[in-house]
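Keep in mind that this is a model prediction, so the values were computed, not measured. FYI, side chains are in, hydrogens and waters are out, and symmetry mates aren't considered; it's all heavy atoms of this structure. Atoms within each ligand, like the ligands themselves, are counted from 1 in listed order.
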Amino acid sequence: MLFSELGLKAELQRAVAEQGYDTPTPIQQQAIPAVLAGHDLMATAQTGTGKTAGFTLPILHRLVSGPNGTSNDRLTRVAKTPRVLVLTPTRELAIQVEESVRIYGKHLPINSLAVFGGVGINPQIANLRRGVDVLVATPGRLLDHVQQRTVDLSAIEIFVLDEADRMLDMGFIRDIRKIIALLPKQRQNLMFSATFSPEIRELASGLLNNPVSVDVAPRNTSAETVTQRVIETDREKKKELLCHLFETRGWHQVLVFARTKHGADALARTLDKAGIKSAAIHGDKSQGARTRALSDFKDGKLVALVATDIAARGIDIDALPYVINYELPNVPEDYVHRIGRTGRAGMEGEALSLVCHDERGNLKDIEKLIKRSIERVVIPGFEQSAHAVPRPAQPPRGARKPAQPGRAPGTKTAQKPGGPQQHRSGSRHR
Ligand code: AMP
């Protein structure tokens, strides 16, 4: 199928062609006709599937189409209150969605704006006053505007809840409900979520009216384009191992995931000291620092970007070749989100996880979720020691003495000394 077959306005088709796309992704093929037809939509799709264009394009089409396909005189009205509201969980995603609206809407008379916290509210107020058609917002800042009466949501025609699962994880459910209560009853609703948990189902049933369901299997779980590997090692060896990998593999643009903000900072410092230009990106960094780090990374000024899960959500970097899980996430779904940063739009990508003894449970949960075992690789000199003792979550690094054999009753031995030095494929399951 080609974009030209979807019935989108010529201006939109032109913008798509300028991006170099001619074939819609599976989510676009399914979502665009449903949204154009005015249906509510429940889409199970993660970032990397092309979902943003999947909702942006038909929304823009609808905004410039009158009831019978005539041109829409509302576009020429003077004081524009937003007609489309897109809620996103993070600032980064808000910025990226609004960028997409601008890219795809560049040949149309459409104004868009992203509002999010962590930056001054006054410029946002000034922009809202000037008139906005498509408003992209994070929930907290949107409610600030509501409270200050600097935004009017009474003319919203289309409401998009993006990354709904992450919204719930981040505790935004009450804010979302408050916002929904402010919207006109008559509207089109689109909901996107990477997972379809009972909580998401419940939210969807309250929000959506007879929705069309679109389910795009998380592409990365079937590893069509992402090579997934695990290096089993010891916690104490991870930093050195990571530096070794950078040195020996000539990596140039690597997104590294750490579990905590503190851990991300420490790791970025270590890499930097080792001559690998790095920055950390997490929720405690100012918006300016986050945006700068991301653009330096995109521009190739940084070799590594060390991120926490929340900060990395929605980061859209074309052709990101490597994702490293310096630590595995506690929530297995986050693994799928993380590796979704690479291997996008058909590009090859590699996701490498450094797994120490006490993360074996996390690894098992991940393999259960993705329904496959991940290939194990052993790097000589960095093997997991036979006597590693698992320990609970994250005491400060270096606070623990090297494990002593026999100290932890009931602890299983990770791997026999002198074990295989070559690739082992899913050995745990053999
Ligand atoms: P998203 O899932 O919206 O974050 O999009 C992931 C990436 O795919 C973005 O870099 C888009 O620019 C790109 N993309 C979107 N639609 C297409 C398409 N039809 N063909 C190729 N790449 C696309």
Side-chain angles (χ1 to χ4, degrees), residues 1-8 12-33 35-36 41 43-61 84 86-106 112 114 134 136 160-167 190-195 214-221 224-226 253 255 294-295 297-299 307 309 311-321 323 333 336-349 351:
M1 180 189 260
L2 297 173
F3 267 108
S4 51
E5 296 168 58
L6 287 168
L8 290 164
L12 294 167
Q13 292 191 38
R14 212 169 110 208
V16 168
E18 283 164 7
Q19 290 302 301
Y21 310 146
D22 52 14
T23 314
T25 64
I27 180 110
Q28 292 163 357
Q29 290 184 23
Q30 296 174 64
I32 291 173
V35 179
L36 285 178
L41 182 77
T44 317
Q46 63 184 89
T47 305
T49 52
K51 71 178 166 74
T52 315
F55 64 80
T56 305
L57 289 167
I59 285 176
L60 290 172
H61 178 104
V84 176
V86 183
L87 279 189
T88 69
T90 63
R91 307 152 183 193
E92 282 78 12
L93 187 60
I95 292 170
Q96 280 169 19
V97 169
E98 198 267 336
E99 240 168 45
S100 291
V101 174
R102 256 184 295 138
I103 287 171
Y104 299 122
K106 68 194 273 202
S112 56
V134 180
V136 186
V160 183
L161 195 57
D162 199 6
E163 301 204 345
D165 51 342
R166 180 53 51 138
M167 295 267 198
L190 319 178
M191 182 164 153
F192 290 80
S193 177
T195 54
V214 172
D215 191 349
V216 179
R219 195 187 51 195
N220 297 311
T221 58
E224 280 161 29
T225 54
V226 181
Q253 196 186 38
L255 183 59
L294 194 56
S295 80
F297 185 58
K298 283 184 180 180
D299 294 347
D309 286 291
R313 279 293 284 197
I315 288 181
D316 176 20
I317 300 156
D318 279 341
L320 183 62
V323 164
E333 279 84 5
V336 179
H337 294 311
R338 286 179 178 191
I339 71 168
R341 314 298 88 218
T342 181
R344 289 178 168 210
M347 303 282 302
E348 293 287 312

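Residues in residues 16-27 take part in these salt bridge (charged side-chain N to carboxylate O under 4.0 Å, His left out) pairs, two or more places apart or across chains: Arg14-Glu18, Glu18-Lys106.
Atom numbering of ligand 1 starts at 1 in the shown order; those under 4.0 Å from a heavy atom of Thr52 are 1 (P), 3 (O), 4 (O). Each of the atoms 19 (N) of ligand 1 lies under 4.0 Å from some heavy atom of Phe3. Less than 4.0 angstrom separates some heavy atom of Thr25 from each of these atoms of ligand 1: 17 (C), 18 (C), 19 (N). Close approach to Lys51 involves these atoms of ligand 1, each under 4.0 Å from a residue heavy atom: 1 (P), 2 (O), 3 (O). Set against the non-hydrogen atoms of Thr23, the atoms of ligand 1 under 4.0 Å away are 18 (C), 19 (N), 20 (N).
One finds the CG atom of Asp165 at 8.5 Å from the CE atom of Met191 (value rounded to the nearest 0.5 Å). We find the CZ-CG distance between Phe192 and Leu41 to be 5.0 Å, quoted to the nearest 0.5 Å. Atom CZ of Phe55 and atom CD of Gln28 lie 11.0 Å apart (nearest 0.5 Å).
Comparing Ala53, Ser100, Gly50 by heavy-atom distance to atom 5 (O) of ligand 1, the nearest is Gly50.
Partners of Leu8 under the side-chain contact (heavy atoms from CB on, under 4.5 Å) rule, at least two apart in sequence or in another chain, are Phe3, Leu6, Leu12, Gln13, Ile32, Leu36, Leu57, His61.
The side chain of Gln28, and not its backbone, has at least one atom closer than 4.0 Å to an atom of ligand 1 (non-hydrogen atoms only; side chain from C-beta on).
The two residues Gln30 and Asp215 come nearest to each other via the heavy atoms OE1-N, 4.3 Å.
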